[in-house]
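Down below is the structure, laid out as structure tokens.
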Amino acid sequence: MLSKRVKYAIKTLLFLNRKDNASLFSAKKISENERIPLKFLEQILRELKQNKILKSERGAEGGYTFMKDPADIKVLDVIRIVDGPVAMLPCASLNFYEKCADCTDEATCGIRKLLINVRDSMLPILDTSIADMTKSENFPI
């Protein structure tokens, strides 16, 4: 299941991409427009800034805007930044692999094989960029 943190991070990026990319938007403005609790949004914005997705400027006219081109920001990257692994089990993860403690043989584990198939089916879809989501009729916002 997609966490609220990821959902709000994606909503924030879509909001910023629908607007003029040169403009700055305050956390309060984003919060009000996207109906995201301000304190929660501030944590998400901090994380996106630390990972060089967004940049911010202080002051009365300050706010947030993209540091990275929205065409280069993949939903998959946002999920990994905010929540970590995409795979449903650590043994099925590409980037965060861990052996399952209760597994006797990974090579024949039916659950692992199934979840690797799920992961491999999801990754190309989640490789969609924020820019593509904003302009595509497949992703109405």
Side-chain angles (χ1 to χ4, degrees), residues 1-59 61-141:
M1 186 182 307
L2 202 61
S3 75
K4 277 193 176 195
R5 288 174 56 81
V6 170
K7 181 180 174 186
Y8 290 161
I10 293 169
K11 283 180 71 167
T12 297
L13 296 172
L14 291 172
F15 170 81
L16 291 173
N17 196 51
R18 285 192 310 268
K19 305 297 180 183
D20 175 18
N21 285 347
S23 298
L24 296 169
F25 293 91
S26 70
K28 184 176 180 185
K29 174 103 172 150
I30 298 167
S31 170
E32 290 169 354
N33 277 277
E34 295 304 311
R35 297 181 2 188
I36 302 170
L38 182 59
K39 291 292 181 191
F40 201 29
L41 177 61
E42 287 171 342
Q43 295 170 2
I44 294 165
L45 290 168
R46 198 170 312 118
E47 227 170 339
L48 294 172
K49 185 179 168 191
Q50 288 171 346
N51 284 277
K52 300 190 183 338
I53 301 290
L54 298 179
K55 61 183 175 180
S56 67
E57 290 184 25
R58 294 179 184 249
E61 300 295 317
Y64 292 87
T65 190
F66 287 102
M67 176 179 269
K68 194 173 182 181
D69 185 333
D72 295 330
I73 303 168
K74 307 296 183 176
V75 173
L76 183 60
D77 299 331
V78 177
I79 293 171
R80 286 181 173 145
I81 287 168
V82 175
D83 272 357
V86 175
M88 297 169 116
L89 282 178
C91 66
S93 178
L94 285 174
N95 296 332
F96 300 92
Y97 170 83
E98 286 181 30
K99 184 173 177 20
C100 291
D102 58 346
C103 189
T104 56
D105 184 14
E106 279 187 351
T108 60
C109 178
I111 297 170
R112 180 173 188 263
K113 286 180 182 180
L114 173 72
L115 294 181
I116 286 173
N117 285 336
V118 169
R119 177 205 68 203
D120 290 346
S121 297
M122 284 187 339
L123 289 181
I125 296 166
L126 295 175
D127 201 41
T128 301
S129 75
I130 295 299
D132 288 339
M133 284 185 72
T134 306
K135 66 183 176 190
S136 174
E137 62 199 37
N138 294 327
F139 303 102
I141 359 178

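Note that this is a predicted model, so its numbers are computed, not measured. Position 1 is the first residue of the sequence, and the numbers go up from there.
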Do you know the tightest heavy-atom contact between [X] and [Y]?
{"X": "Asp83", "Y": "Ser3", "result": "OD2-OG, 2.6 Å"}
{"X": "Cys91", "Y": "Cys100", "result": "SG-SG, 3.4 Å"}
{"X": "Val78", "Y": "Ala9", "result": "CG1-CB, 3.8 Å"}
{"X": "Gly84", "Y": "Phe96", "result": "C-CE1, 4.0 Å"}
{"X": "Lys55", "Y": "Phe66", "result": "CE-O, 3.5 Å"}
{"X": "Leu41", "Y": "Ser31", "result": "CD2-N, 3.5 Å"}

**Message:** For the backbone of Glu47 and the side chain of Asn51, can you confirm whether one donor and one acceptor N or O come within less than 3.5 Å of each other?
**Reply:** yes
Taking everything shown except [X] itself, do over 12 heavy atoms lie less than 6.0 Å from its [atom1]?
{"X": "Leu38", "atom1": "CG", "result": "yes"}
{"X": "Lys52", "atom1": "NZ", "result": "no"}
{"X": "Met88", "atom1": "CE", "result": "no"}

Look up atom [atom1] in [X] and atom [atom2] in [Y], then write down how far apart they are to the nearest 0.5 Å.
{"X": "Cys103", "Y": "Leu89", "atom1": "SG", "atom2": "CG", "result": "9.5 Å"}
{"X": "Asp77", "Y": "Asp127", "atom1": "CG", "atom2": "CG", "result": "7.5 Å"}
{"X": "Lys74", "Y": "Lys68", "atom1": "NZ", "atom2": "NZ", "result": "9.0 Å"}
{"X": "Thr108", "Y": "Lys113", "atom1": "OG1", "atom2": "NZ", "result": "6.5 Å"}
{"X": "Leu16", "Y": "Lys29", "atom1": "CG", "atom2": "NZ", "result": "11.5 Å"}
{"X": "Ile10", "Y": "Ile130", "atom1": "CD1", "atom2": "CD1", "result": "6.0 Å"}

**Request:** Would you mind reporting whether Thr12 and Tyr64 have side-chain heavy atoms less than 4.5 Å apart?
**Result:** no
**Asked** Is any NZ, NE, NH1 or NH2 atom of the basic residue among Lys135 and Asp132 found under 4.0 Å from an Asp or Glu carboxylate oxygen of the other?
**Response** yes
**Prompt:** Would you call Glu34-Lys19 a salt bridge at under 4.0 Å N-O?
**Reply:** no
**Asked** Should Leu13 and Leu54 be marked as a side chain to side chain contact (heavy atoms under 4.5 Å, CB included) after you check the CA-CA gap, both sets of side-chain angles, and the distance that decides it?
**Response** CA-CA 9 Å; Leu13 296 172; Leu54 298 179; 3.8 Å; yes
**Fill in**
Contacts of Phe40 meeting ring-ring contact (aromatic ring centres under 6.0 Å, His included) (sequence neighbours excluded), chain-then-number -> Tyr8
**Prompt:** Step by step, would you call Arg80 with Val86 a side chain to side chain contact (heavy atoms under 4.5 Å, CB included)?
**Reply:** CA-CA 7 Å; Arg80 286 181 173 145; Val86 175; 4.0 Å; yes
